[in-house]
Each structure stands twice: as structure tokens, then as C-alpha cells.
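The chains referred to below are lettered A, B, ... by the order of the sequence lines, with proteins before strands, and numbering in each begins at 1.
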4 protein chains.
Amino acid sequence: MSPRPAARVEQLREERRRDVLSAARGVFARKGFVAAKISDIASAAGISHGLVHHYFPSKEALFAAVIEESVQGWEALIARARAMPITAWERLVYVCSIMGESSVVASEHLLIIVHASTGDDAPQTVREALDRLERLVCEPLSALIEEAQRTGEAAAGPPGELARAWMAVTQGLAISQALHPGRARPPIELVLRLLKA
Amino acid sequence: MSPRPAARVEQLREERRRDVLSAARGVFARKGFVAAKISDIASAAGISHGLVHHYFPSKEALFAAVIEESVQGWEALIARARAMPITAWERLVYVCSIMGESSVVASEHLLIIVHASTGDDAPQTVREALDRLERLVCEPLSALIEEAQRTGEAAAGPPGELARAWMAVTQGLAISQALHPGRARPPIELVLRLLKA
Amino acid sequence: MSPRPAARVEQLREERRRDVLSAARGVFARKGFVAAKISDIASAAGISHGLVHHYFPSKEALFAAVIEESVQGWEALIARARAMPITAWERLVYVCSIMGESSVVASEHLLIIVHASTGDDAPQTVREALDRLERLVCEPLSALIEEAQRTGEAAAGPPGELARAWMAVTQGLAISQALHPGRARPPIELVLRLLKA
Amino acid sequence: MSPRPAARVEQLREERRRDVLSAARGVFARKGFVAAKISDIASAAGISHGLVHHYFPSKEALFAAVIEESVQGWEALIARARAMPITAWERLVYVCSIMGESSVVASEHLLIIVHASTGDDAPQTVREALDRLERLVCEPLSALIEEAQRTGEAAAGPPGELARAWMAVTQGLAISQALHPGRARPPIELVLRLLKA
DNA sequence: TATGAATGAGCATTCATTCAT
DNA sequence: CATGAATGAATGCTCATTCAT
């Protein structure tokens, strides 16, 4: 009979929302948008399927939220790297080491981007998020590369293309990693060869 | 006045089967197994949905046939490279240039492998085909790399891991390529840096 | 290059029609109307499924023809019995022995009547044929029983009801017979007990 | 203000399940397995077709459940008869009177057995249930007949064959009864003549 | 809030029927 | 006449979404 102030209620709601989002991330990463079932996500979150719709109005909105979360994570990573008092090349190394790390969350984020990108049926909200990804990740990355080129640490070439190639390569490796979790992960040096002078 | 020579009939049937397979390849590449609709494939092939089932007993069988076709294409590519009277490194360059080429078919094959690999829902037949892919593509590639390492042309490292890393990278680039067909393709040299001594 | 007179052509056509009808009888008896496939019947008749429609405009018409054939067979049996120079009771014995015989055709006719009767979806043509069966088989049978009752050979009771009961019993036994062809058939005497004085 | 007691929920679910089963029994009896549509059953139960699949995973499972119910009903009838403190012959009379009674349920059970037996398309589960029927109904019936033969009340003959003949006859009469519900039912005495000494 | 019963749109698959060859 | 490719209506089944409790 504790009165539970509205703030506490709101906090609980937010926590539950995160649980659902987290469960959805894993299921979408493993199955893709169409094959993922709301009931799969509900099971993974330990709630009934009906309740999912209390937190997200539709499967599409839930997917968009997951994508949004991924994009924000990437943005944050880039921002962190730029804030560090290190050389441009070291920033690139840092970004590579985080993105390539075998943590479940990192793999899931990458796989979801892959699914969202390769799927034909991504809703409009998702399309916009992916466009933001392009701007918010590739452009700063591009800038980092350009900077490292000026210091002579990075290989020559159009920075935009290099950034996109590097993203593509990272995604490919993430897929491989996600599919064979037991396998040895290619060392960061391998990926960095693409960019090194 | 011959009513219809059996050979000609068989040939027509085989042609139509190929049409369906080709349409299916495109649709599966764009949407993945679950999201692809039989009616999408039928439309792409210019036939009714019912007719698809004259040529392939089920969606699953059709997908398996597409995968099979991909696997065989890859096998053939590796075999061709090995038959050429060139150095081990040149063979690697040849394989890279073909697999990375922007032809629609090459991209589709790669995307389908990605979908089949990342999707949870690939049927058993497909799983087996993917296992064959591992053996039939990675192992010969591994051998090529080992050979090039002996001649000092390729970088050091476990050949098996390098082969898988290279496959992963190639798939990543193929996805990127498929999503933005207009964009400049990263030059082969970029990818070859991963392997070059 | 034999000119083949029209009469011969017509005869061949009639023969083929009989083949189809015969095949259809077997398939309908085993599967019932809905579950029977035109292609099953075509296979059984050794022709292509398309050709079935040269002889019968539709599955429904084919079923009706099979029913019609059955009804006519029953009519003929009754007529034969009535034409024989024997007592009423002996006529009943004769009819029982023929209808209860384990020949494939007899069983099939009975099973088809059962399927047609128990199915909800019999077309109008079939309904009419079944009505004719009621009139053409039960009424003469009824008359036979009445006659045998007058000679004191048959048990008392409303002849119409006895006739229908006897038909029902015969059908039940035919089903049993059709399902377990190897089993000993109940002797005619058993069935005749229903009617004997 | 109790939200919803779990027991009550389970009870409601069980009731609804019974409704569906009951509707299915009627539809299967009238149409047979193949011709019966899930939507027919849903309409008969007053629910949507989708909901049928909440209670039974497939049409086949639903049919199997109906058969199972029939088989259990027959078992119970035989068991009741054997438990009564009456002579063997009176037990036979009791079983006949119940099985031959014109209640809708009894007819439906018999018709379903007929459909399941005569149809080629009964699933494996059903085949097994029918085998059980053979054992669980014919054998005890056989024993009853043998007992009645020893007391001189039943006619001579192999009890197993008599039991099967009697089953066949009863099914035949049930079909007839189901098709013409308005008609006078043949008196039990008629059927018992088959067995009476 | 939380549950799961209920609905119905959507998809894979089957099959009677048509028709070009 | 004969074949089988082609069509599309019909059916079982799935699952996102709604809603009564």
C-alpha cells in the first residue's frame, strides 16, 4: 500500500522500457525485422506479449527505437574519441578497438544496422535514422582520417571513401564475429592496415 | 508438323526454371528469406505465384537452390584461379577482383550468403550448404594465402584466419556496394592491403 | 494413315471414357470427393490430368457420372432378381449374395454411396441421383420383402423400414469389408437373419 | 476486486476448448477430415478462425482430439456395461441401446469413425487411435459375446467376427440415421437378431 | 499495470480448370 | 487427341495488434 510517488512510477516504467528495448535488440540482431516475433521479444524480456505494446506502439516503432539507440551509441563513441587529448591516429585506433570488440552489445548494434540496411522493408523512421548514421558517423570519421592524413599517419585517398570502406569492413567483421563467437577475432592491426600510411 | 519435340520442351522448362531462380536470387538478396514473398518472386519473374511451385516445391527449396547456385559459383571461381598459370599472389588478386566486382550477380550472391548467415531461420538444407561454403571457399583460399606467404608476397599470420577475415571484409564491402550502387567502389588495392606482405 | 472411320473414333473415345470412369470410381471410393485429386484419377487411368477434362467437364460431373453408374448397377441387380423364376425369399438371398460379395467393384460402389451420402457438399446432380437410389433400390426391395412376408418367409415389420435397415447394414458391412480386405466376410446367413421369419 | 483468479481463467479456457471440440465434432462428422474447413468449425463455434489455433495447433491435432474423445467415450460405455450386475446378454442389449440411440453425439462419433476409417488421408495420430479403437471396443465386445454364448443367450460363431460384424452393422445404421434424422430408427431387436441364439 | 483471449490481414501452398502447342 | 504449363481461387496457419478483465 505504499503510495509510490509518480516519479518512482515513471522510473519503473523507464526501466521496463529499457528491458524491452534490450531484449528487442538481441532478437532483431539474431533474426532481422520480419522474422523477429513480438512474442520472442516478450519472452526474452520476461513479460507477456501484450505488454510490449504498452511501451512501444508497434513493432516498427520498437525497431526504430533500437536503431535510434544504435545510432546514438555510435555518435557517443565518435564524440568520446574526439574529446580525447590524443593524436588523430590514436583516435582512429581507439574507435577501431571499441567497435571491433567482441562484446555482445557491439555485435548486436552492428548486426542490426546490417539488417536494417539490407532489408527492403525498413520503415521511413528507420530510413531517416540510417541517413543520420551516415552523417553522424561517417563524416566525423572522415574528419579524423583527414586529420591523420595531414599528420602523415594515415594512407592517402579520399577520406570519405576510406571512412565508408572502413565502416563496411568493420560491419563485415562484426557479422563474422557474431556468427562464430568462439573464433579468434582478427587483430585490430589487420583492420588498421586499411588506413595506415 | 512435329507436335512438340520432348527435348525442346525440356529446354524451355529449364529456361523458365532459370528465370525463376534468377528472380528469386534478386528478391532473396534484397529481403532475406523470411521477408521475401513468393508473390514478389513471381512478379519479378513475370509469372503467377502458383507457377513458382511448378518449378520449386517450396520457398525453402527455392532458397536452397539459390544458395546452392552461389556456392557452386564460388567453387568455380576458386577452381579457375587455381588453374591459371600465374603466381599465388596474382591468383589472390584475380579472386579479389572478381568477387569484389560490382556486377549485380556477385553482389546478390554475397548478400544472400549474408542473409542466410545472419538469419536465424535458415532451413536445414541451407545450413548444410553454408557449411560446404566454409570448406569449399575458405580452405582453398587459405591454401592460396599460404602459398603466397611462402613466396613472400603475402603478409604473415595464420592463413585460415586471414582467409576468413578477408571473406568477412569482402562481404562487408558487398553489402555497402549493394546498398549504394551509385557510389565509387573501393579499389582492389585497399582490400589487398589486408593480405599484402 | 488409316482413315479411321468416325464410328471407330467414337468407340475409342467411349473406351477411354470408361477407363477414366473406372479409375475415378476407385479413387473416389478410397478418398471421397474432396480429397480425391483429378491428378490421382489421371494417374490411375494412365493419362495426363488435362485429358480428364476432355471426357468430363468437371470433377463434379465426373463424380456424378460415377454415382450414376452405381445407381444403374443397383437398379440392374434388382431387375435381374425380379426377373428370376424363384421365390421372393430366394430373390432376397440372391440380392444379398451379390451386394455382399467381396468383389472390388461392389465395395467401391457401396463406399462411394457412403461418401456421397455422408458428405455435406454433394452437388445437386448427385443429390438427385441419391434420391433416385432411394426410389429405385429401396422400393423394389421393399416389394420383395413384402412378398416374402406374404409367403411367410420374411419376418414381420414395415417392409420399407426393413428395406432401409437392410441397406444400412449392407453398407456398414461393405465399409468394413473394404477396409480390411483380408478378413473373413460375415456369412450371408448373418445378414439374412435380419429379415428371416 | 480480485483481478482474475487463475483457476477461473483456466476453467474458462477449458470450456472454450470444449466448445471448439464440440463444433469440430459436428463439422468433421458432416464433412470428413479433408472437406471440413477450419473456418466452418470456427463459425460453428462462433469464433474467428484464428482463435481455433489458440486451442489446437493444427487441423490434424483437432481431428485427433475429436477421435480421441470418441474412442474414450466408447471405452467408457464398454466399461459401464461390464460393471453392471446383469447377465452377459443384458449387457449386450445395454451397449446396443446406447450406441444405437439417436442422440446427435452418438451419431457424430460413429460418423467420424466412418470418415476416419474410409478416408485415405487420416493422419498418423488418427490411425493409431483407430487401432486402439479396434482393441478397446472389439475385444471387450468379443468377450461379452463369448460370455453370452456360454450362457446360451447368444448365437454360435466366432465371437471376434460377430463383434466386428455387429460394429459394422451399427455404423451402417448410424450413417443412415445421421442422414435421415426424421426417420424412424430400426428397433434394437432388429440389430440384436444378429447375435441372439 | 499486466495478461492472454480474440481478431483478421497476410502468406505459403494446393489444385481444379484452361489453353497453347 | 494429348500434354503439361499457367492461372487464381481457396485453405491452413502465423502473428501484430486490440481489448476485456
| task | Return the nearest nucleotide to the side chain of Lys37(D); candidates are dT7(F), dC11(E), dG12(F). | result | dG12(F)
| Rounded interatomic separation in angstrom, taking CD from Gln11(D) and C1' from dG4(E) | 17 Å
| When you measure from the side chain of His54(A), which nucleotide among dT3(E), dG8(E), dA2(F) comes out closest? | dT3(E)
| message | On DNA chain F, does the nearest nucleotide to His53(D) precede the nearest nucleotide to His49(C) from the 5' side, or the other way round? Give the residue. | response | His49(C)
| request: List the atom of Ile38(D), the atom of His49(D), and the distance in Å for their closest heavy-atom pair. | output: CG2-O, 4.1 Å
| Value in whole Å for how far the P atom of dC19(E) lies from CD1 of Ile47(B) | 19 Å
| query | Which is it for Phe56(C) and Leu21(C) under the side-chain contact (heavy atoms from CB on, under 4.5 Å) test, yes or no, and what are the steps along the way? | reply | CA-CA 9 Å; Phe56(C) 298 92; Leu21(C) 202 60; 3.8 Å; yes
| said: Mind checking if Ala36(C) touches a base, just sugar-phosphate, or nothing, with heavy atoms under 4.0 Å? | reply: sugar-phosphate
| said: Minimum heavy-atom separation for Tyr55(A) and Arg16(A), please, with both atom names. | reply: OH-CG, 3.1 Å
| remark: Walking DNA chain E from its 5' end, the first of Pro57(B) and Ser48(D) to be reached, judged by nearest nucleotide, is Ser48(D)
| query | Could you give the NZ-to-P distance, from Lys59(D) to dT11(F), as a whole number of Å? | reply | 9 Å
| Along DNA chain F (nearest heavy atom to each residue), the more 5'-positioned of Arg13(B) and Arg13(C) | Arg13(C)
| Can you check whether Tyr55(C) has a side-chain N or O nearer than 4.0 Å to OP1 or OP2 of dA2(F)? | yes
| query | Rounded to the Å, how far apart are Leu12(D) CG and dT3(E) C1'? | reply | 14 Å
| said: Between Ser43(C) (side chain only) and Ser39(C) (backbone N and O only), is there a donor and an acceptor less than 3.5 Å apart? | reply: yes
| task | Find the distance Leu62(A):CG to dC15(F):C1' and express it as a whole number of Å. | result | 15 Å
| field | Over all atoms of both residues, closest heavy-atom pair of Val20(A) and Ile41(A) | value | O-CG2, 4.1 Å
| task | Quick one: pull up NZ in Lys31(A) and NZ in Lys37(A) and give me the separation to the nearest 0.5 Å. | result | 5.5 Å
| query | To the nearest Å, how far apart are Arg17(B) CZ and dA5(F) C1'? | reply | 16 Å
| query | Does a side-chain heavy-atom distance below 4.5 Å link Phe28(C) with Glu108(C)? | reply | no
| said: Please determine whether a side-chain nitrogen or oxygen atom of Arg16(A) lies at a distance below 4.0 Å from atom OP1 or OP2 of dT1(E). | reply: no
| query | How many Å lie between CD1 on Ile38(A) and C1' on dA16(F), as a whole number? | reply | 7 Å
| request: For Leu51(D) and dT14(F), give me the distance from atom CG to atom C1', rounded to whole Å. | output: 14 Å
| Once Watson-Crick and G-U wobble pairs under 3.5 Å are found, how is DNA chain E written in dot-bracket notation, 5' to 3', with | for any base paired to another strand? | .||||||||||||||||||||
